[in-house]
2 protein chains.
Amino acid sequence: MTQSRPEPYGRADKRQAITQAARRVFGRDGYTRASMDAIAAAAGVSKRTVYNHFTDKEQLFLTVALEGAEDVTAAIAQIMDRHLHKIVDLEQDLIDFSLDRVAAVTSFPDHFALVRAIEAEAAHIPPPILKSWIAAGPQTGHLRLAPYLRRIADRGLLDIHDAESAAAHLTLLTVTDVNQQTFYGAVPLPQEEITQLVTIGVRAFLRSYAPTVVP
Amino acid sequence: MTQSRPEPYGRADKRQAITQAARRVFGRDGYTRASMDAIAAAAGVSKRTVYNHFTDKEQLFLTVALEGAEDVTAAIAQIMDRHLHKIVDLEQDLIDFSLDRVAAVTSFPDHFALVRAIEAEAAHIPPPILKSWIAAGPQTGHLRLAPYLRRIADRGLLDIHDAESAAAHLTLLTVTDVNQQTFYGAVPLPQEEITQLVTIGVRAFLRSYAPTVVP
DNA sequence: GTCTATAAAAAGATAGAC
DNA sequence: GTCTATCTTTTTATAGAC
């Protein structure tokens with residue numbers, strides 16, 4: 001798929017070095033504060049090379065944001081499969097699942113620092129591009145979680161009418177709560193408190209979607 | 001409390017003009033993108049005057065953020081009193097309350113745009129100052145909502161053990177959900193969809209904290 | 001205390017050699 | 001395609017008159 005074989009070596013390598021460096025610098029400094037100088041230096045290339053690969057700062061940022069969202073989405077998918085495929089103790093499985101999801105935020109610090117930057121820049125990002133980021137990231141999370149909950153409900157362990165809403169609610173009561181309090185990991189919170197928050201969130205979710213007992 | 005009476009007139013006026021302008025410009029452009037030039041121009045004063053009142057850009061930003069949080073907290077308190085003092089139809093009252101809370105985000109566009117900026121800058125804000133902002137803003141919201149839920153529970157309309165957790169959950173299932181999807185109002189959402197989100201959020205909350213029926 | 005004018009630094013983007 | 005050197009604009013912060 002490489003078109004016209006432009007250079008024998010040092011093309012894709014440089015591009016990847018640039019995107020990695022950009023993710024780190026954008027995440028650390030935010031969009032406006034991050035300079036193309038710093039990104040070029042962190043990537044070990046000249047600034048002109050950056051501009052040869054990406055037309056301008058905005059396009060570089062959006063490229064990095066979208067690629068990062070896909071990476072994280074893939075990681076979350078693995079976490080779902082690990083915890084929600086075979087259910088033995090629903091409450092404990094949901095707690096473990098949510099804790100791993102929360103931990104993913106600290107496993108991808110560059111990306112989630114960048115998520116903060118995106119949310120801050122939301123008003124300045126062209127709506128169609130913003131939509132495509134939402135689609136590649138957060139929305140995909142809900143859409144992939146819903147089928148798992150649907151299957152659990154089909155086994156009679158939950159009473160769910162709208163699986164997507166239920167997925168959104170579980171996320172809000174656990175991951176969103178923690179992320180909001182820690183600013184996506186920027187302000188650390190003791191693991192004990194995180195476990196506490198997630199536990200009461202999962203329990204609230206289970207009460208809300210408990211199957212009606214038929215005596 | 002004004003110390004040493006420095007000038008007969010034109011002191012507090014200028015300061016307020018500066019803070020108002022700073023709130024608007026910071027909210028519109030974000031912290032880094034906002035320039036002291038633009039703030040001075042919007043306030044109708046010279047840039048030197050801004051620096052006479054505030055030592056630097058950072059201190060001006062944090063001052064505005066804290067003052068704005070107090071204003072919004074007061075407005076939210078009024079909304080609570082309006083909807084949660086006399087309960088007639090709990091579900092409808094909670095929906096109306098949550099919709100008004102969501103609307104407050106668009107009523108204070110400058111402040112909530114600034115909230116986005118704070119969240120983006122979280123990693124660059126000194127932790128003690130960040131804590132004091134959380135205390136003046138979001139946390140106060142939960143702490144003030146909790147007693148209302150406690151009173152409703154005491155009337156037998158809800159079954160609540162930890163009122164603060166319940167307050168957090170109600171907020172997450174309604175306001176946080178909408179704010180996350182609209183990026184605090186930056187990306188508009190049809191009122192119909194907002195109502196839909198809030199309604200299913202309130203219903204999930206009520207199922208989660210429904211009193212146990214004693215037959 | 002407030003203003004006009006300016007200094008000093010930084011950042012986005014480009015020219016031209018190899 | 002990549003690099004060094006440079007242009008242009010913008011921004012924070014300050015000097016000095018009133």
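Each chain gets a letter, A, B and so on, in the order its sequence line appears, and its residues count up from 1.
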SB check A:E91 A:R203 (cutoff 4.0 Å) = yes
message = In this structure, how many angstroms lie between the P atom of C:dA13 and the CG atom of A:D56, rounded?
response = 5 Å
message = Between B:R33 and A:E121 (salt bridge meaning N to carboxylate O under 4.0 Å), is one present in this structure?
response = yes
ask   = What nucleotide, of C:dC3, D:dT2, D:dA13, holds the atom closest to the side chain of A:T49?
value = D:dT2
request  = May I have the distance from A:N52 (atom CG) to C:dA13 (atom C1'), rounded to whole angstrom?
outcome  = 12 Å
Using atom names, set out every protein N or O paired with an N or O of nucleotides 7-12 of chain D below 3.5 Å, distance rounded to 0.1 Å.
residue: D:dT12; atom: OP1; partner: B:A34; partner atom: O; Å: 3.1
residue: D:dT12; atom: OP1; partner: B:K57; partner atom: NZ; Å: 2.8
residue: D:dT12; atom: OP2; partner: B:M36; partner atom: N; Å: 2.9

inquiry  = Tell me whether the side-chain N/O atoms of B:H53 come closer than 4.0 Å to OP1 or OP2 in C:dT2.
reply    = yes
message = Checking A:H111 against A:D71: is there a side-chain donor and acceptor pair closer than 3.5 Å?
response = no
Euclidean distance, atom CZ of residue B:R48 to atom P of D:dA17 [Å, nearest integer] = 14 Å
key: Separation of C:dA13 C1' from A:F54 CZ (nearest whole Å)   = 16 Å
query = Atom CD1 of B:I39 and atom P of D:dA13: how far apart are they, to the nearest Å?
reply = 11 Å
message = Tell me whether the rings of B:H169 and B:Y209 are parallel (<30°), tilted (30 to 60°) or perpendicular (>60°).
response = tilted
query = Would you call the rings of B:F61 and B:Y31 parallel, tilted or perpendicular if under 30° counts as parallel and over 60° as perpendicular?
reply = perpendicular
Exercise: do A:R101 and A:T171 side chains pair donor with acceptor under 3.5 Å = yes
